[in-house]
Amino acid sequence: MKRYLLMWFIALPILLVLMPAALVFWFSPAISPVSQPTVAVSEPAIPAMKESASSLPVKVYRTEKKTVETLPLETYITGVVAAEMPAEFELEALKAQALAARTYIVRRLKEGKFDDVPSGGQVLDTVQHQVYMDEVQRRERWGDQYEWKNKRIQQAVMATAGIILTYQNEPIDATFFSTSNGFTENSDEYWEKPIPYLKSVASPWDIQSPRYEETVVMSTVELEKNLGVKLTQEASTNGSWYRIESRTTGNRVGTISIGGKEFTGREFREKLNLNSSSFTLDLRGNQVFITTKGYGHGVGMSQWGANGMAKSGKSAEQIVKHFYQGISLQEYKRIIPA
């Protein structure tokens, strides 16, 4: 009897532990792999850039080295986006920049006109075409921030890989610039060439840019020399020393009369090396105070505008379709097979 009770006291705790587990095992429904919980990762790790052998090659003339480097398309686009837009910008803005940069080079390759590049090259790595930075240059510029910045740029590039902007099934002239004065410019009011998708649109987000408004000061002697004019004696007394003759749709200076000559806003900007053709002048004694709004030619996509749109929740597609009117997005291989 005592042996029986002893065995019972030993077995009872074991049964109390094992029986519930057995019931759960036998009567619970099977759990499929699909129903397993997953953990969302906001920015997944981006593997090293790998492109197929059929990827479109781009022959970049490296200005400092005076050599030509042949790069896979998306490797080239990564270097362009890294050079042309701050990595700190919103991801959707970086994607929009990648779309514009890819469109630019695909259009250039399709046209096949490379006479503005030394022999063997297809595109320069400077502002004359698109600025490009290789990995070594990115490491030098970014220092200990290289890893996260490069990862972010790669994420934007790979998320848009192979996609370009088209108008009537042709790659667009995807011009872009830093900062607007609140509006972009009609192409024909800056370059005298009407392009249907490069129309003036509002870009109020640019006010956040550090280049939105700046004032430069120069002497009247310097201004006269750069413009090739002579200011009248009455200029300092009655304020009639210049006159804005016309303004553009994007509220920039269309034409200006000064010192007996007339200049377009673009000519005036370029002769005086101003940030923008949206400017005001103030003569104080022998000095001219020139206040500009915006930075760049103003045609196409404003980069600070793109970033502002992204901050407000707009996607890359919404951004490019705002700045490039009436366009479509499609794979470049439909335009120029690799």
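For clarity, every value in this text was computed on a predicted model and none was experimentally measured.
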Q: Are Val216 and Val288 connected in a single hydrophobic cluster, I mean Ile/Leu/Val/Met/Phe/Trp/Tyr linked by side-chain heavy atoms less than 4.5 Å apart?
A: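 Same hydrophobic cluster.
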Q: Identify whether Val80 and Ile336 are in the same connected component of the hydrophobic contact network (ILVMFWY, side-chain heavy atoms under 4.5 Å).
A: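 The answer is yes; both residues are in one hydrophobic cluster.
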Q: Check for me, please, whether Leu124 and Val58 land in the same ILVMFWY cluster - side-chain distances under 4.5 Å, paths through other members count.
A: no
Q: Enter the distance from Asn275:CG to Lys293:NZ here, rounded to the nearest 0.5 Å.
A: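 Here the rounded value is 13.5 Å.
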Q: Surrounding CZ of Phe279 (heavy atoms of other residues, nucleotides or ligands, distance under 6.0 Å), is the total greater than 12?
A: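 Yes, enclosed.
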Q: Check the pair Arg269 / Val253 against side chain to side chain contact (heavy atoms under 4.5 Å, CB included), numbers first and verdict last.
A: CA-CA 9 Å; Arg269 176 202 173 202; Val253 174; over 6 Å; no
Q: Please tell me whether Met133 and Val157 are part of a single hydrophobic cluster in this structure, the criterion being side-chain heavy atoms less than 4.5 Å apart.
A: yes
Q: For the CG atom of Asn150 and the CD atom of Glu147, what is their distance to the nearest 0.5 Å?
A: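 That separation rounds to 7.0 Å.
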Q: Are Gln287 and Phe289 close enough that some pair of their side-chain heavy atoms sits under 4.5 Å apart?
A: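 Gln287 reaches Phe289 side chain to side chain.
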Q: Going hydrophobic residue to hydrophobic residue with side-chain gaps under 4.5 angstrom, can you get from Tyr146 over to Tyr132?
A: yes
Q: Within a reach of under 6.0 Å around CZ of Phe268, are more than 12 heavy atoms found that belong to other residues, nucleotides or ligands?
A: yes
Q: Members other than Val299 in its cluster, when Ile, Leu, Val, Met, Phe, Trp, Tyr link by side-chain heavy atoms under 4.5 Å?
A: Leu99, Ile163, Leu165, Tyr167, Ile172, Phe176, Tyr190, Trp191, Ile195, Tyr197, Leu198, Val201, Trp205, Met301, Met309, Ile319, Val320, Phe323, Tyr324, Ile327, Leu329
Q: Quick one: are Pro210 and Trp304 in side-chain contact, heavy atoms under 4.5 Å?
A: yes
Q: Return yes if some donor-acceptor pair links the side-chain N/O of Glu245 with the main-chain N/O of Gly254 below 3.5 Å, else return no.
A: no
Q: Give a yes or no answer on whether the side chain of His322 reaches the backbone of Ala306 with a donor-acceptor pair at less than 3.5 Å.
A: no
Q: In Å and rounded to the nearest 0.5 Å, what is the CD to CG distance from Gln155 to Leu94?
A: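 Spacing of CD (Gln155) from CG (Leu94) equals 9.5 Å.
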Q: Quick check: closest heavy atoms across Phe177 and Gly296, and the distance to 0.1 Å?
A: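 That would be CB-CA, 4.2 Å.
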Q: Taking the side chain as every heavy atom from C-beta outward, state whether Glu189 and Arg252 have any pair of such atoms under 4.5 Å apart.
A: no
Q: Check for a donor-acceptor pair, side chain of Glu224 on one end and backbone N or O of Leu231 on the other, with a separation under 3.5 Å.
A: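 Yes, Glu224 side chain to Leu231 backbone: donor-acceptor pair under 3.5 Å.
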Q: Any side-chain heavy-atom pair from Gln330 and Asn169 closer than 4.5 angstrom?
A: yes
Q: Among Arg107, Arg334, Lys110, find the one that has a salt bridge (charged side-chain N to carboxylate O under 4.0 Å, His left out) with Glu170.
A: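 For Glu170, the salt bridge (charged side-chain N to carboxylate O under 4.0 Å, His left out) check succeeds only for Lys110.
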Q: Between Thr175 and His297, what is the shortest heavy-atom contact and its length?
A: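 Looks like CB-CE1, 4.2 Å.
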Q: Regarding Tyr76 and Gln130, do their side chains bring together a donor and an acceptor under 3.5 Å, going by distance alone?
A: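 The answer is yes; a qualifying pair exists.
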Q: Is the count of non-hydrogen atoms from other residues, nucleotides or ligands lying under 6.0 Å from Glu64 atom CD greater than 12?
A: no
Q: Between Gly265 and Ser277, which heavy-atom pair has the shortest distance, and what is it?
A: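 That would be O-CB, 3.6 Å.
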Q: Answer yes or no: is there a side-chain heavy-atom contact under 4.5 Å between Val221 and Lys225?
A: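 The answer is no; the side chains never approach within 4.5 Å.
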Q: Strictly by modelled atom types, are Asn286 and Ser219 linked by a side-chain donor-acceptor pair under 3.5 Å?
A: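 Note: Asn286 and Ser219 side chains miss the donor-acceptor criterion.
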Q: Looking at Glu185 and Gly298, would you say the former's side chain and the latter's main chain have a donor-acceptor pair under 3.5 Å?
A: no
Q: For the pair Ile77 and Glu74, evaluate side chain to side chain contact (heavy atoms under 4.5 Å, CB included) and give the outcome as yes or no after the intermediate values.
A: CA-CA 5 Å; Ile77 299 304; Glu74 304 305 342; 4.0 Å; yes
Q: Is there side-chain contact between Lys193 and Asp173, with at least one heavy-atom pair below 4.5 Å?
A: no
Q: Can any side-chain N or O of Asn251 pair as donor or acceptor with the backbone N or O of Ser278 at less than 3.5 Å?
A: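 It does not hold such a pair.
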Q: Near Lys149 NZ, under 6.0 Å, is it more than 12 heavy atoms from other residues, nucleotides or ligands?
A: yes
Q: Decide yes or no on side chain to side chain contact (heavy atoms under 4.5 Å, CB included) for Arg152 and Leu91, but give the supporting numbers first.
A: CA-CA 7 Å; Arg152 190 169 177 80; Leu91 188 60; 4.3 Å; yes
Q: Would you say Glu214's side chain and Thr292's backbone share a donor-acceptor pair under 3.5 angstrom?
A: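 Not at all, since once roles are kept as given, no pair shorter than 3.5 Å links the two residues.
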Q: May I ask you to decide if Ser200's main-chain N or O and Asn186's side chain share a donor-acceptor pair within less than 3.5 Å?
A: yes
Q: Walk me through it: do Lys271 and Glu267 pass the test salt bridge (charged side-chain N to carboxylate O under 4.0 Å, His left out)?
A: CA-CA 6 Å; Lys271 287 179 180 294; Glu267 289 171 336; over 6 Å; no
Q: I'd like to know if the side chain of Lys261 reaches the main chain of Gly228, judged simply by a donor and an acceptor atom lying under 3.5 Å from each other, with no hydrogens or angles considered.
A: yes
Q: In Å, rounded to the nearest 0.5 Å, how long is the span from OG1 of Thr78 to CZ of Arg138?
A: 6.5 Å
Q: Linking directly or through intermediates, with side-chain heavy atoms under 4.5 Å: list the remaining ILVMFWY members grouped with Tyr212, chain and number order.
A: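 Listed partners: Ile207.
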Q: Test side chain to side chain donor-acceptor pair (under 3.5 Å) on Thr179 and Ser209 and set out the steps.
A: CA-CA 7 Å; Thr179 307; Ser209 169; 2.8 Å; yes
Q: Just by distance, do the side chain of Asn307 and the backbone of Glu90 share a donor-acceptor pair under 3.5 Å?
A: yes
Q: What closest approach, in Å, do Ser55 and Pro72 show between heavy atoms, and which atom pair accounts for it?
A: OG-CB, 4.0 Å
Q: Should we say atom NZ of Lys314 is surrounded by more than 12 heavy atoms from elsewhere, each under 6.0 Å from it?
A: no
Q: Out of curiosity, Leu227 CG to Glu222 CD, how far, rounded to the nearest 0.5 Å?
A: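 Interatomic distance, Leu227 CG to Glu222 CD, rounded to 0.5 Å: 10.0 Å.
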Q: Tell me the closest heavy-atom pair linking Val68 and Ser119, and the distance in Å.
A: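 Looking at all heavy atoms of both residues, the closest pair is CG2-O, 4.1 Å.
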Q: Rounded at 0.5 Å granularity, tell me how far CD1 in Ile153 sits from NZ in Lys95.
A: 12.5 Å
Q: So which heavy atom on Ala93 is nearest to which on Ala310, and how close?
A: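 Scanning both residues completely, I find the closest heavy atoms to be N-CB, 3.8 Å.
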Q: Looking at Gln97, is its backbone amide N or carbonyl O close enough to the side chain of Gln303 to form a donor-acceptor pair, meaning the two atoms are under 3.5 Å apart?
A: no
Q: Do Asp134 and Arg62 have side-chain heavy atoms sitting under 4.5 Å apart?
A: yes
Q: Please determine whether side chain to side chain contact (heavy atoms under 4.5 Å, CB included) holds for the pair Arg108 and Val117, giving the CA-CA distance in whole Å, both sets of side-chain angles, and the decisive distance to 0.1 Å.
A: CA-CA 12 Å; Arg108 186 172 175 82; Val117 183; 3.3 Å; yes
Q: Are a donor atom and an acceptor atom from the side chains of Glu262 and Thr255 found within less than 3.5 Å of each other?
A: no
